[in-house]
Amino acid sequence: MDKENIPEQLVFGLDIGTRSIVGTVGYKQNVNSFVVVAQSVRCHETRAMMDGQIHDIAKVAETISQVRRELEHQIGRKLTRVCIAAAGRVLKTVTVEVEENLGDENFQDEMISAEIIHGLEMLGVEKAYEIIRQETQGENIRFYCVGYSVVHYYLNDNMITNLEGHKGNKIAAKVLATFLPQEVIDGLYASTEKAGLEVDNLTLEPIAAINVAIPEKFRLLNIALVDVGAGTSDICITKEGTVVAYGMIPMAGDAITNVIVQAHLVDFATAEEIKIGAAMQKKVINYKDIMGLAEKTTPEEVFAETQDKVAEITQLVADKIVELNGGKSVSAVFVVGGGGKLPDFVKMLANRLNLPEERVALRGEEVLGAITFPEDVKKDPMLVTPIGICLNYYEQKNNFIFVQVNGERVKLYDNSKLTIVDAALSVGFPNDGLFPKRGTALEFFVNGRKRMVRGEEGEAAIILLNNRTAGINTPIEANDIIEITASTSGEAAHMMIGELAEYKRSIEFLVNGKKIICPKFVRANGQLVSEYYDIHADDQLEIQDYYTLRQLLDFMDVMYQDGILVNHVPAGENEKIYDKFSVDFDLSSSGSALSAGKLEEEVLEKDFSSSDKEASSKEMNSEKTSTKEDTAEEISTEKGEPQKEDTDLRLTVNSTPVILKGKKEYRVVDILDFYDFDVKTAHGNRVVIKVNGTPCSFSTRLSLGDYVELYWED
């Protein structure tokens with residue numbers, strides 16, 4: 001390419017491999033194509049790298065410098081920034097599943113926001129961090145999370161593509177997090193910096209390779225990608241549209257080269273030339289052994305000598321693929337990298353995986369179709385990873401930056417998406433210290449079914465970014481100063497019986513053609529309670545949506561007799577009576593304290609539920625009883641004397657003088673405003689009410705000097 005036609009914006013990618021360093025410079029022409037304007041390959045002169053790990057920083061830096069200078073010569077400009085990749089040999093991956101309860105399905109009406117989803121993902125990263133810490137405990141190695149991906153989201157235990165905007169009572173995620181140890185990152189950075197370059201982007205070799213070899217449209221399939229380098233064979237698995245696993249075996253092309261070293265008595269570099277010649281299918285391969293003697297061999301002889309080692313490597317790769325794929329083979333395998341170019345490699349791997357040979361393929365020219373190369377560069381599987389490193393630059397800009405969190409200096413892997421929450425987690429700030437903490441949830445049972453009410457949300461964490469108020473998702477940059485005050489817990493959940501969706505305060509019956517409104521029976525752990533009862537943890541609540549005939553008659557102070565009809569059918573005293581049922585009987589012969597003449601509509605339509613009086617009883621401490629001096633005056637008035645208008649009514653309740661005030665006419669129910677009688681919590685099976693020794697109901701009228709008995713009875 002003419003140097004004058006090279007665009008200003010270029011990407012420089014380095015594939016720092018065990019045997020060689022490949023440098024690529026290019027630019028993205030459009031969404032689907034990449035143009036390579038310069039390329040250079042230099043082999044390490046010594047074993048400065050082994051198994052993907054830098055051993056001699058100075059030697060590796062010198063080779064990088066050679067590649068940089070050659071590329072600068074080709075493009076006619078200076079290169080100062082570079083994209084690199086780390087080998088999978090030192091990569092640790094952790095897959096975790098996390099979930100969060102959002103509340104009971106009957107009450108949960110909160111829409112799932114991006115913040116809630118991010119909090120769920122951070123729970124996954126935090127859990128993965130903890131697993132890594134436990135696995136490496138005592139090794140004195142610090143790992144960094146260099147990225148994570150969500151394999152699946154779940155809403156109420158059902159898989160879903162995107163949680164945002166939905167409602168539900170439980171969300172969950174399966175998170176795949178990847179980690180690198182500090183010394184690996186430091187080694188890569190030191191080598192590039194020593195070569196006069198600043199790292200612009202860091203990715204992982206298997207991620208770079210998959211970006212080229214397996215486009216997203218293919219990732220719905222269960223496919224394995226194997227990048228066979230010199231020191232390691234990196235593996236990743238795709239399924240259902242995402243990468244579900246990464247893996248590696250510490251054996252690749254160098255292991256084959258070592259076999260050739262022993263078979264032909266040559267040094268490592270010469271053995272590498274013999275291996276390359278065999279892969280290129282040269283008819284005769286000439287070389288000199290360590291004694292200086294001229295020798296020759298053929299590709300057939302080399303393949304025969306290395307067959308056992310290739311079989312060993314492919315077996316290890318196949319076993320790892322099956323392990324990563326949940327114990328079964330994949331549908332197809334793509335192989336990239338120089339180590340996979342030996343003719344028997346893909347064939348043996350197919351056999352090990354019980355796949356047809358055409359389902360295991362060496363990926364090279366066909367996956368590089370959208371890549372434009374200089375005329376003198378041949379498309380090759382070895383170029384897949386270097387191109388992927390360049391393309392990854394456009395996906396995310398990665399680097400390491402330093403920030404300060406609560407006075408502690410922190411090194412972060414910058415994926416261009418860093419936020420305050422990432423910095424907080426890196427210093428071990430607890431996840432629940434960032435997000436508002438809900439108070440203790442209340443769990444109980446309603447008619448045998450478990451119910452949960454969420455606690456109140458606490459205050460969010462107070463976050464200052466460079467002395468300005470910020471949020472957990474505020475982006476951060478190098479040298480930012482972050483101060484975080486932990487979030488607080490909200491109030492514990494609480495609920496009363498009357499707030500239950502299943503609870504309706506009363507049941508209506510039609511008695512002798514008149515409407516009777518009765519309170520609904522509710523039992524907590526077997527004891528009758530009112531609608532104002534505060535529900536406790538693990539309470540067993542039973543809401544009764546019926547009365548027995550006996551319960552209704554007792555409520556009305558009517559004696560049971562034969563011939564009572566329920567819905568026009570004779571019924572026994574244990575007959576269940578539901579809302580709107582009709583009950584008919586002869587009141588005159590019932591033995592009731594109410595005569596037939598007193599069964600008036602105003603009595604029968606009285607709301608007999610206790611809720612209204614319970615509410616008013618909260619204020620009944622103002623005037624409860626009179627003094628003993630008042631008593632003499634009260635009882636001096638003749639019993640039963642008609643009460644004057646707008647005057648107080650003096651009577652005795654359970655041997656205690658009581659004055660009723662503020663009405664022209666009084667009934668038993670009005671006593672609850674002035675006498676301390678607990679109707680909130682059941683102290684027996686039924687309330688007994690007697691006026692002057694005669695059983696009655698809450699609607700019974702009162703007269704001056706009446707003696708009232710009011711108590712619970714089992």
Side-chain angles (χ1 to χ4, degrees), residues 96-130 150 153-158 160 162-175 406 419-425 427-446 449-464 469-474 482-503 524 532-541:
V96 296
E97 294 184 2
V98 288
E99 65 178 44
E100 184 175 359
N101 289 317
L102 301 179
D104 186 86
E105 60 186 351
N106 291 329
F107 297 97
Q108 201 283 323
D109 58 1
E110 184 177 4
M111 188 173 292
I112 300 171
S113 64
E115 184 171 322
I116 291 175
I117 298 170
H118 188 62
L120 178 70
E121 294 171 359
M122 288 303 100
L123 281 176
V125 173
E126 188 175 12
K127 186 175 180 179
Y129 258 125
E130 185 57 35
V150 177
Y153 290 112
Y154 299 89
L155 178 65
N156 295 340
D157 296 323
N158 296 312
I160 193 167
N162 191 346
L163 287 168
E164 189 169 1
H166 289 279
K167 295 181 180 180
N169 65 308
K170 187 172 75 171
I171 58 175
K174 186 175 183 180
V175 178
N406 289 354
T419 62
I420 285 176
V421 69
D422 299 306
L425 291 177
V427 297
F429 200 93
N431 187 61
D432 60 1
L434 294 171
F435 300 94
K437 296 185 282 290
R438 288 190 177 273
T440 304
L442 176 62
E443 294 187 353
F444 53 94
F445 297 85
V446 179
R449 297 186 65 182
K450 191 172 184 179
R451 175 67 49 78
M452 187 192 80
V453 180
R454 300 177 75 193
E456 297 294 326
E457 279 210 3
E459 296 293 329
I462 299 173
I463 301 172
L464 296 178
T469 302
I472 60 173
N473 293 319
T474 301
I482 303 164
E483 294 291 333
I484 305 174
T485 303
S487 60
T488 62
S489 296
E491 292 185 6
H494 58 85
M495 175 173 278
M496 293 189 294
I497 294 292
E499 297 176 88
L500 290 172
E502 297 89 345
Y503 180 75
Y532 294 102
Y533 171 79
D534 283 318
I535 301 171
H536 299 88
D538 298 322
D539 269 355
Q540 296 282 345
L541 304 179

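Throughout, residue positions are numbered sequentially from 1 according to the sequence presented.
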Return yes if some donor-acceptor pair links the side-chain N/O of E499 with the main-chain N/O of M496 below 3.5 Å, else return no. yes
Considering only heavy atoms from C-beta outward, does the side chain of L163 approach that of Y154 to under 4.5 Å? no
dist F445:CZ -> D539:CG (nearest 0.5 Å) comes out at 10.5 Å
Spacing of CD belonging to E457 relative to OG belonging to S489, to within rounding of 0.5 Å: 11.0 Å
Ignoring hydrogens and geometry, is there a side-chain-to-backbone donor-acceptor pair from N162 to E164 under 3.5 Å? yes
Interatomic distance, CD1@I112 vs CG@L155, rounded to 0.5 Å, equals 5.0 Å
Decide yes or no on side chain to side chain contact (heavy atoms under 4.5 Å, CB included) for T419 and I472, but give the supporting numbers first. CA-CA 7 Å; T419 62; I472 60 173; over 6 Å; no
Under 6.0 Å from the CD atom of E100, do we count more than 12 heavy atoms belonging to anything else shown? yes
Where do I535 and L442 come nearest, in terms of heavy atoms and distance? O-CD2, 3.7 Å
Among side-chain atoms of E121 and Y153, is any donor-acceptor pair under 3.5 angstrom? yes
I need the L464 CG to N406 CG distance, nearest 0.5 Å. 10.0 Å
Of T469, I482, I420, the one forming a side chain to side chain contact (heavy atoms under 4.5 Å, CB included) with T474 is I420
To check you understand the geometry: which heavy-atom pair defines the closest contact between K170 and D157, and what is its length? NZ-OD1, 2.8 Å
Could you tell me which non-hydrogen atom of I484 sits nearest to which non-hydrogen atom of A461, and how far apart they are? CG2-CB, 4.3 Å
Distance in Å, N169 CG paired with R454 CZ, rounded so as to fall on 0.5 Å steps: 10.0 Å
One pair to check against side chain to side chain contact (heavy atoms under 4.5 Å, CB included): I117 and V150. What are the steps and the verdict? CA-CA 11 Å; I117 298 170; V150 177; over 6 Å; no
To the nearest 0.5 Å, atom CZ of R451 lies from atom CG of L541 at 9.5 Å
Minimum heavy-atom separation for A172 and E99, please, with both atom names. CB-CB, 3.7 Å
Test side chain to side chain contact (heavy atoms under 4.5 Å, CB included) applied to F444 and M452, step by step: CA-CA 7 Å; F444 53 94; M452 187 192 80; over 6 Å; no
Donor-acceptor contact present, side-chain H536 to main-chain D534, <3.5 Å: yes
So, for K167 and M111, which heavy atoms are closest and what is the spacing to 0.1 Å? CG-CA, 4.1 Å
Flag yes if more than 12 heavy atoms outside E459 fall under 6.0 Å of its CD atom; otherwise flag no. no
Ignoring hydrogens and angles, tell me if any N or O in the side chain of R438 forms a donor-acceptor pair with the backbone of G455 under 3.5 Å. yes
Between A173 and L120 the two heavy atoms that sit nearest each other are CB-CD2, 3.7 Å
